[in-house]
There are 2 protein chains.
Amino acid sequence: MHSLEHIAGELRKRKQKLTPQRRLIIEILSSDRSHPTADDVYSRVVAVMPEVSRTTVYNTLRELVAMGEIREVQGLSESGVRYDTYGAEHQHFFCVQCGVLEDIPCSSSSACCGQEGMEGFTVLRTETTMYGYCPQCGEANARER
Amino acid sequence: MHSLEHIAGELRKRKQKLTPQRRLIIEILSSDRSHPTADDVYSRVVAVMPEVSRTTVYNTLRELVAMGEIREVQGLSESGVRYDTYGAEHQHFFCVQCGVLEDIPCSSSSACCGQEGMEGFTVLRTETTMYGYCPQCGEANARER
DNA sequence: ATAACTGCAAATGATTTGCACAAGG
DNA sequence: CCTTGTGCAAATCATTTGCAGTTAT
């Protein structure tokens, strides 16, 4: 996602306000690459501004998605949607053991972006998620045996 | 997914029963490549056996997922998880206009399965979904302009 | 000033669960 | 028989919504 200043400008263009709540949520998100759930964000927000409501967190997340600043990642957590704050095009690696979700830059993997054989279809974007064991869990499993 | 006979055998192994409800749900699913939601399946079931409950449909879908006969596809429908009945390894194409979800055999596209640059990770499987316009919607859009 | 925002409480909606009765093997 | 399955109603839980009071611009 972009810097707070950039997002502040975007909000202004849209006649939306930069409230203290929104500023805090944006600040928290921009230093969070862990793909938090709405409730994870809420917890971090409340630790600083205890009176903020879940509604405001949900509202702000929804707006940031609409602005294209963050993306939803579905189907990886029992406890709701996770949010992706990484700007560049990338894929995901999800560890089925510890639940960590890693951003994999396209250049790091060949699983990206090809679309031969798709005649007739207009492909706007491709999302790829790889499932398996992250290095830490893989090593831990090897040690156990 | 496998044939009714095969699944019946698997159920037997697991000491599970082949009830009329399950038989009907399996029959409906095996001829459905539309990636229906639980409620879509329920509607089709009720049209034949009006007394079947949603609970039974949900239970059976969950069991079939556990058996590896069908797969959940998340994040494509506002109205819940969709179910994938296609056995072979494949990718998905989702039409952002009409909501159709097409199975794309791996051999039809190069967006599949590569995993160079993933040293340290153990990749068990890769899921790729392409988003865009299906041929029908693409043509309809072209005609409008 | 005033349109946008916040926070509360209630609503929503997909899915799950508890439980008494039914039925497949 | 007796274990597993069914169907109902109630519970769950993430997310949304209605609304009255608040605030950024």
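What's counted below: heavy atoms across the whole structure, side chains too, no hydrogens, waters or symmetry copies. In what follows, every chain begins at residue 1, and chains take the letters A, B, ... in the order their sequences are listed. Computed from a prediction, not measured in an experiment: that's the story for all the values here.
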What is the separation between atom [atom1] on [X] and atom [atom2] on [N], rounded to the nearest whole Å?
| X | N | atom1 | atom2 | value |
| --- | --- | --- | --- | --- |
| B/Gln21 | D/dT4 | CD | C1' | 12 Å |
| A/Leu76 | D/dA14 | CG | C1' | 16 Å |
| A/Glu72 | D/dT15 | CD | C1' | 11 Å |
| B/Glu51 | D/dG7 | CD | P | 7 Å |
| B/Met49 | D/dG7 | CE | P | 7 Å |
| B/Tyr58 | D/dA11 | OH | P | 18 Å |
| A/Leu61 | D/dA14 | CG | P | 15 Å |

Distance-only polar pair, side chains of B/Thr37 and B/Asp39, donor-acceptor under 3.5 Å: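 Looking only at side-chain atoms, B/Asp39 and B/Thr37 do not form any donor-acceptor pair under 3.5 Å.
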
- Task: Please check if any side-chain donor atom of B/His35 sits under 3.5 Å from a side-chain acceptor atom of B/Asp103, or the reverse.
- Result: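 A donor-acceptor contact under 3.5 Å links the two side chains.
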
Taking the nucleotide of DNA chain C with the closest heavy atom to each, which residue, B/Glu78 or B/Asn59, is nearer the 5' end?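 On the 5' side of the pair lies B/Glu78.
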
Examine distances only and state if a side-chain atom of A/His90 and a backbone atom of A/Ile104 form a donor-acceptor pair shorter than 3.5 Å.
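No; judged by distance alone, with no hydrogens or angles, the pair does not exist.
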
Checklist entry - Taking the side chain from B/Ser30 and the backbone from B/Ile26, do they hold a donor-acceptor pair closer than 3.5 Å? => result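 Looks like yes, one N/O pair under 3.5 Å.
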
Nucleotide by nucleotide, nucleotides 18-25 of chain D touches protein heavy atoms under 4.0 Å in the pattern (B base, S sugar-phosphate only, - none) -----BBS

Go through the steps for B/His92 and B/Asp84 under the test side chain to side chain contact (heavy atoms under 4.5 Å, CB included), then give the verdict.
CA-CA 10 Å; B/His92 284 135; B/Asp84 185 342; 2.8 Å; yes

Q. Taking any atom under 4.0 angstrom from a heavy atom of chain A, which nucleotides of DNA chain C are the first and last to qualify, 5' to 3'?
A.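 First-to-last contact on DNA chain C, by the 4.0 Å heavy-atom rule, is C/dA3 to C/dA9.
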
Q. Do the side chains of B/Met118 and A/Phe94 join up, straight or via other hydrophobic residues, at under 4.5 Å, putting them in one cluster?
A.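 Not linked; separate clusters.
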
- Query: Does a side-chain N-to-carboxylate-O contact under 4.0 Å join B/Arg62 and B/Glu72?
  - Reply: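 So B/Arg62 does not pair with B/Glu72 through a salt bridge.
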
query = Knowing that exactly one of B/Glu10, B/Glu63, B/Glu27 qualifies, which makes a salt bridge (charged side-chain N to carboxylate O under 4.0 Å, His left out) with B/Arg22?
reply =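 Looking at B/Glu10, B/Glu63, B/Glu27, the match for B/Arg22 under the salt bridge (charged side-chain N to carboxylate O under 4.0 Å, His left out) is B/Glu63.
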
Can a side chain N or O of B/Arg54 be found less than 4.0 Å away from OP1 or OP2 on D/dG7?
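Result: no.
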
Next item on the list: Could you label the plane-to-plane angle of the B/His6 and B/His2 rings as parallel, tilted or perpendicular, counting under 30° as parallel and over 60° as perpendicular?
Entry: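 If you compare the ring of B/His6 with that of B/His2, the planes turn out parallel.
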
